[in-house]
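Along the sequence shown, the residues carry numbers beginning at 1.
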Amino acid sequence: ADGRFGGISGLRWQATQNRLLAVTDRGDWLAIATDEKDGRLTGLGGVEIGRLTGPNGRPLEGKRVSDAEALALTQGAALITFENDHRIASYDLDADGVPAGAANPGLIPADDWFAAQRGNGGVEALATYAGPGGRAGYILLSEDLRDARGRSRGVRYQVGPDGAVAETALSLPILDPLRPTDAVANEETLFVLARSFSPLRGVAVELLAFDLDSDLAESERLAAFRPPLTIDNMEGLALRTVAGRTYIYMVSDDNFSPLQRTLLLKFEVTG
């Protein structure tokens, strides 16, 4: 019933807390406990809401600076991307596992990449993974930027053995009208959520898989969702592994509109 609930744009499974963590496009974080039975999502056990802060430690104010779009968890920190005021920020996780304190600069040298983003179509997808030797890797995908072939543009940052960060440009086969809205990775695979919308056809969503040990130029479509299936403006993606089984959670951004819904869906990736 809290008026701040909604607008969920980034989602992750937080194994240390056995729950979902999310961010919204009005600058709040959500800690979401799930009720599940035999691996199936049956409801919510409770939701906590808190405010993200700026570099000065004060709550973010105004849509331009508080539009959080993507979330990743790594090394006891939450990495969050924002659009309109395009940037990436790092937050320490407090004892309750939620973003706390002043926002720190992002852990990767991505200033030029964020400067290239446009308006309300910035970095909607951020995935972290363990690269060679367990060193960190980061993949960022833009909602709007396209290459000359119409493919979605992204960038990969890989930390080397000497601590230096290598940057590689990416072009993913995600073509209009699909736009990437979130991404998450395990040791081998990058999962990308892509969405399209038209007034005539409504919302369509695809879940794509990419081999991380590649240039991400080829994908496998794992699933496609279109009306009359239960679907909305899906923007958040989370990955959970339990006893060798892989689960995907998807959540929709209702844009705080009475015409849309906040849907939380769970699937198993098999094969």
Side-chain angles (χ1 to χ4, degrees), residues 1-12 20-35 41-52 60-71 80-86 117-126 141-144 152 174-184 191-208 221 223-238 248-267:
D2 193 307
R4 295 173 293 171
F5 182 82
I8 300 175
S9 298
L11 188 70
R12 283 297 183 268
L20 292 162
L21 189 67
V23 291
T24 80
D25 53 20
R26 287 188 179 175
D28 291 309
W29 55 259
L30 303 174
I32 305 170
T34 62
D35 288 333
L41 178 67
T42 59
L44 298 185
V47 179
E48 297 178 22
I49 302 179
R51 192 68 179 166
L52 295 172
L60 296 176
E61 295 183 4
K63 173 70 172 177
R64 183 176 180 276
V65 300
S66 62
D67 189 354
E69 291 294 333
L71 166 69
I80 299 173
T81 68
F82 296 82
E83 62 182 14
N84 291 303
D85 180 8
H86 300 287
Q117 305 304 311
R118 299 191 292 256
N120 198 45
V123 175
E124 293 257 354
L126 167 64
L141 304 179
S142 173
E143 180 182 15
D144 280 358
S152 290
I174 304 174
L175 305 176
D176 275 333
L178 288 170
R179 304 295 174 97
T181 58
D182 206 356
V184 66
F191 299 92
V192 177
L193 183 65
R195 173 214 61 210
S196 68
F197 172 77
S198 78
L200 292 179
R201 296 186 298 271
V203 177
V205 174
E206 294 189 5
L207 180 63
L208 307 173
R221 187 173 71 175
F225 305 91
R226 291 176 175 82
L229 296 178
T230 299
I231 204 70
D232 210 294
N233 178 36
M234 312 309 289
E235 288 205 7
L237 191 66
I248 288 280
Y249 296 85
M250 282 191 237
V251 72
S252 63
D253 175 359
D254 69 350
N255 290 306
F256 295 96
S257 166
L259 301 179
Q260 295 176 259
R261 298 170 293 173
T262 298
L263 295 177
L264 179 64
L265 309 176
K266 183 185 180 186
F267 302 92

Novice: Quickly, which of E124, E83, Q117, H86 forms a side chain to side chain donor-acceptor pair (under 3.5 Å) with S142? Name it, please.
Specialist: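 By the side chain to side chain donor-acceptor pair (under 3.5 Å) criterion, S142 pairs with just one of E124, E83, Q117, H86: Q117.
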Novice: Go through the steps to decide whether E206 and R221 satisfy the test salt bridge (charged side-chain N to carboxylate O under 4.0 Å, His left out), and finish with yes or no.
Specialist: CA-CA 7 Å; E206 294 189 5; R221 187 173 71 175; 3.2 Å; yes
Novice: Got a sec, which residues hit side chain to side chain contact (heavy atoms under 4.5 Å, CB included) with R201, two or more places apart in sequence or on another chain?
Specialist: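 Checked R201 against side chain to side chain contact (heavy atoms under 4.5 Å, CB included); matches are S198.
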Novice: Using side-chain heavy atoms (C-beta onward) and a distance below 4.5 Å, is L265 in contact with Y249?
Specialist: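 No, every pair of side-chain atoms sits at 4.5 Å or beyond.
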Novice: May I have the step-by-step check of side-chain contact (heavy atoms from CB on, under 4.5 Å) for V205 and L229, ending in yes or no?
Specialist: CA-CA 10 Å; V205 174; L229 296 178; over 6 Å; no
Novice: Between T81 and V123, is there a donor-acceptor pair closer than 3.5 Å when you use the side chain of the first and the backbone of the second?
Specialist: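 Yes; judged by distance alone, with no hydrogens or angles, the pair exists.
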Novice: So which atom in I32 and which in A22 form the shortest heavy-atom distance, rounded to 0.1 Å?
Specialist: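 Minimum heavy-atom separation between I32 and A22: CD1-CB, 4.3 Å.
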Novice: For the residue pair A183 and A125, what are the closest heavy atoms and their distance?
Specialist: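 Smallest interatomic distance, heavy atoms only, reads N-CB, 3.7 Å.
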Novice: Is any side-chain heavy atom of K63 closer than 4.5 Å to one of D25?
Specialist: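 A side-chain contact exists here, since the closest heavy-atom pair is under 4.5 Å.
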Novice: Name all residues meeting the side chain to side chain contact (heavy atoms under 4.5 Å, CB included) criterion together with D35; count only those two or more places apart in sequence or in a different chain, and write none if there are none.
Specialist: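 If we apply the side chain to side chain contact (heavy atoms under 4.5 Å, CB included) test to D35, skipping adjacent residues, the hits are T42.
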Novice: Does the side chain of F82 come within less than 4.5 Å of L60's, by heavy atoms?
Specialist: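 They are in side-chain contact.
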Novice: Mind checking whether F5 and F256 have ring centres under 6.0 Å apart?
Specialist: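 Not close enough - the centres of the two rings lie 6.0 Å or further apart.
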Novice: Is it true that a side-chain atom of N255 and a backbone atom of S257 form a donor plus acceptor pair closer than 3.5 Å?
Specialist: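 No; judged by distance alone, with no hydrogens or angles, the pair does not exist.
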Novice: If you compare all heavy atoms of A68 against all heavy atoms of L52, which two are closest, and at what distance to 0.1 Å?
Specialist: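 Of all heavy-atom pairs spanning A68 and L52, the closest is CB-CD1, 4.1 Å.
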Novice: Are the side chains of L71 and L126 in touch, meaning some heavy atoms are under 4.5 Å apart?
Specialist: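 Side-chain contact under 4.5 Å: no.
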Novice: Name all residues meeting the side-chain hydrogen bond (donor to acceptor under 3.5 Å, both in side chains) criterion together with S66; count only those two or more places apart in sequence or in a different chain, and write none if there are none.
Specialist: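 Partners of S66 under the side-chain hydrogen bond (donor to acceptor under 3.5 Å, both in side chains) test: none.
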Novice: Does E48 reach the side chain of L30, with side-chain heavy atoms less than 4.5 Å apart?
Specialist: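 Counting from C-beta outward, E48 and L30 never come under 4.5 Å.
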Novice: Could you tell me which non-hydrogen atom of A194 sits nearest to which non-hydrogen atom of I174, and how far apart they are?
Specialist: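 Distance-wise, the nearest heavy atoms are CB-CG2, 4.1 Å.
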Novice: For R4, what residues pass the side-chain hydrogen bond (donor to acceptor under 3.5 Å, both in side chains) criterion, not counting sequence neighbours?
Specialist: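 If we apply the side-chain hydrogen bond (donor to acceptor under 3.5 Å, both in side chains) test to R4, skipping adjacent residues, the hits are D2.
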Novice: Quick one: are V192 and T181 in side-chain contact, heavy atoms under 4.5 Å?
Specialist: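 Contact flag for V192/T181 side chains = no.
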Novice: Show the nearest heavy-atom pair for residues L193 and M250, with the distance to one decimal.
Specialist: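 For L193 versus M250, the nearest heavy atoms are CD1-SD, 3.4 Å.
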Novice: Does a side-chain heavy-atom distance below 4.5 Å link T24 with D253?
Specialist: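 When only atoms from C-beta onward are counted, D253 and T24 do not touch, as no gap falls below 4.5 Å.
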Novice: Applying side chain to side chain contact (heavy atoms under 4.5 Å, CB included), name anything that partners S252, two or more places apart in sequence or on another chain.
Specialist: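 Per chain and number, S252 pairs via side chain to side chain contact (heavy atoms under 4.5 Å, CB included) with D232, M234, L263.
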Novice: Among T34, V47, I8, which residue satisfies the side-chain contact (heavy atoms from CB on, under 4.5 Å) criterion with L20?
Specialist: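 Single side-chain contact (heavy atoms from CB on, under 4.5 Å) partner of L20 among T34, V47, I8: T34.
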Novice: Among all residues two or more places apart in sequence or in another chain, which pass the side-chain hydrogen bond (donor to acceptor under 3.5 Å, both in side chains) test with N233?
Specialist: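 Scan of N233 (side-chain hydrogen bond (donor to acceptor under 3.5 Å, both in side chains), adjacent residues dropped) gives R195, E235.
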Novice: Just do the side-chain contact (heavy atoms from CB on, under 4.5 Å) check on N120 and N84 with the steps written out, would you?
Specialist: CA-CA 5 Å; N120 198 45; N84 291 303; 3.6 Å; yes
Novice: Start with the C-alpha gap between D254 and R261, add the side-chain angles, then the distance that decides, and say whether salt bridge (charged side-chain N to carboxylate O under 4.0 Å, His left out) holds.
Specialist: CA-CA 5 Å; D254 69 350; R261 298 170 293 173; over 6 Å; no
Novice: Just do the side-chain contact (heavy atoms from CB on, under 4.5 Å) check on R226 and I231 with the steps written out, would you?
Specialist: CA-CA 7 Å; R226 291 176 175 82; I231 204 70; over 6 Å; no
Novice: Between V184 and R12, is the side-chain contact (heavy atoms from CB on, under 4.5 Å) condition met? List the steps.
Specialist: CA-CA 8 Å; V184 66; R12 283 297 183 268; 3.8 Å; yes
Novice: Where do L237 and F191 come nearest, in terms of heavy atoms and distance?
Specialist: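 Heavy atoms only, the tightest pair is CD2-O, 3.7 Å.
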